[in-house]
Amino acid sequence: MQIVQKHAFNAIGGKWTGTFEQAARGEIRKFFHAFKQKMGKIRHVLHPDVIIGLSYHTDEDGVFSFYLVQEVAYIEAVPEGMTSLTVPAYTFAAAKYKGSAVQEAYADLYKWIKQNGYTVYQGQLEHREDYPASYQPLSDEPNLTIHIPLYVE
């Protein structure tokens, strides 16, 4: 577990909105698989070996938005069915993880943040996940780097 800084960036990708229950039933894995089929249409990709997952909470009922994106040099010609966004710079607590107990990995990282005197940033972005582009969501065990935004003075 470590502290990392990520620069602001432009991104193009897909958006999924649903509940935690839907996500737990595998809907994000299906969305991820569908995104991988279309990501070759994204132009000006800076890091083709990385797919970024961004979780934004939208309401108190457990509904959230999850984006799968690739960082681009600039936004131009957004493919049909995709969206563009600009993500600000953040400081994160980060941990690499491979396995099926992703929720436990998140809990461990939150515990580490508290034990080390950091404060979770309570903005719109809840989590960032970086996946290798080779990850196959329907068959592979989760393989990602978890990022939780921190409040830094």
Side-chain angles (χ1 to χ4, degrees), residues 1-39 42 45-72 82-153:
M1 295 182 200
Q2 62 183 336
I3 303 300
V4 297
Q5 304 222 345
K6 295 287 188 178
H7 62 274
F9 66 97
N10 291 315
I12 294 177
K15 178 182 179 183
W16 176 90
T17 301
T19 65
F20 294 113
E21 292 78 23
Q22 290 170 313
R25 287 196 306 261
E27 288 191 25
I28 286 181
R29 284 178 174 252
K30 293 174 192 165
F31 166 64
F32 203 130
H33 178 73
F35 172 74
K36 286 194 63 156
Q37 307 307 306
K38 298 184 274 186
M39 71 183 203
I42 301 172
V45 175
L46 293 174
H47 308 287
D49 56 332
V50 178
I51 298 171
I52 301 168
L54 301 166
S55 293
Y56 293 90
H57 284 261
T58 56
D59 68 26
E60 302 81 35
D61 296 327
V63 174
F64 69 101
S65 295
F66 181 73
Y67 293 83
L68 284 172
V69 300
Q70 290 196 291
E71 182 178 350
V72 294
M82 291 194 183
T83 189
S84 64
L85 62 153
T86 299
V87 180
Y90 284 97
T91 299
F92 293 98
K96 290 184 187 253
Y97 181 75
K98 185 171 185 176
S100 58
V102 177
Q103 291 309 103
E104 290 176 24
Y106 267 101
D108 289 346
L109 187 52
Y110 276 108
K111 184 177 175 182
W112 182 88
I113 289 167
K114 188 173 183 179
Q115 288 174 339
N116 286 278
Y118 295 105
T119 303
V120 173
Y121 180 69
Q122 301 290 323
Q124 287 188 327
L125 179 66
E126 293 284 327
H127 308 118
R128 172 183 168 150
E129 300 171 339
D130 290 359
Y131 297 86
S134 60
Y135 172 63
Q136 296 299 321
L138 298 180
S139 58
D140 292 351
E141 191 170 58
N143 178 15
L144 63 152
T145 302
I146 299 167
H147 298 83
I148 297 173
L150 300 177
Y151 177 77
V152 181
E153 293 183 24

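Nothing here was measured: the structure is a model prediction, and the numbers come from that model.
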* Are H57 and F20 close enough, and set up right, to give a ring pair (Phe, Tyr, Trp, His ring centres under 6.0 Å), and what steps lead you there? -> CA-CA 10 Å; H57 284 261; F20 294 113; 5.3 Å; yes
* Min side-chain heavy-atom separation I52-F9 under 4.5 Å -> yes
* Asked: With a 4.5 Å limit on heavy-atom distance, are the side chains of W16 and E27 in contact?
  -> yes
Would a distance-only check, ignoring hydrogens and angles, find a side-chain to backbone donor-acceptor pair under 3.5 Å from [X] to [Y]?
X   : Y    : value
K30 : L138 : no
Q70 : I12  : no
Q22 : T19  : yes

* If you count the non-hydrogen atoms of other residues, nucleotides and ligands that lie under 6.0 Å from CD in Q136, is the total more than 12? -> yes
* For K6, look at atom NZ and say whether over 12 heavy atoms of other residues, nucleotides or ligands are found less than 6.0 Å away. => yes
* To do: Compare every heavy atom of E126 with every heavy atom of P149, then report the nearest pair and how far apart it is.
  => CD-O, 3.2 Å
* Any side-chain donor-acceptor pair under 3.5 Å between Y97 and E129? -> no
* Asked: Does the gap between the ring centers of Y90 and H147 come in under 6.0 Å?
  -> no
* Partner of Y135 under side-chain contact (heavy atoms from CB on, under 4.5 Å), chosen from L144, I51, D140 -> D140
* To do: Could you check Q115 against M1 for side-chain contact (heavy atoms from CB on, under 4.5 Å), going step by step and ending with a plain yes or no?
  => CA-CA 12 Å; Q115 288 174 339; M1 295 182 200; over 6 Å; no
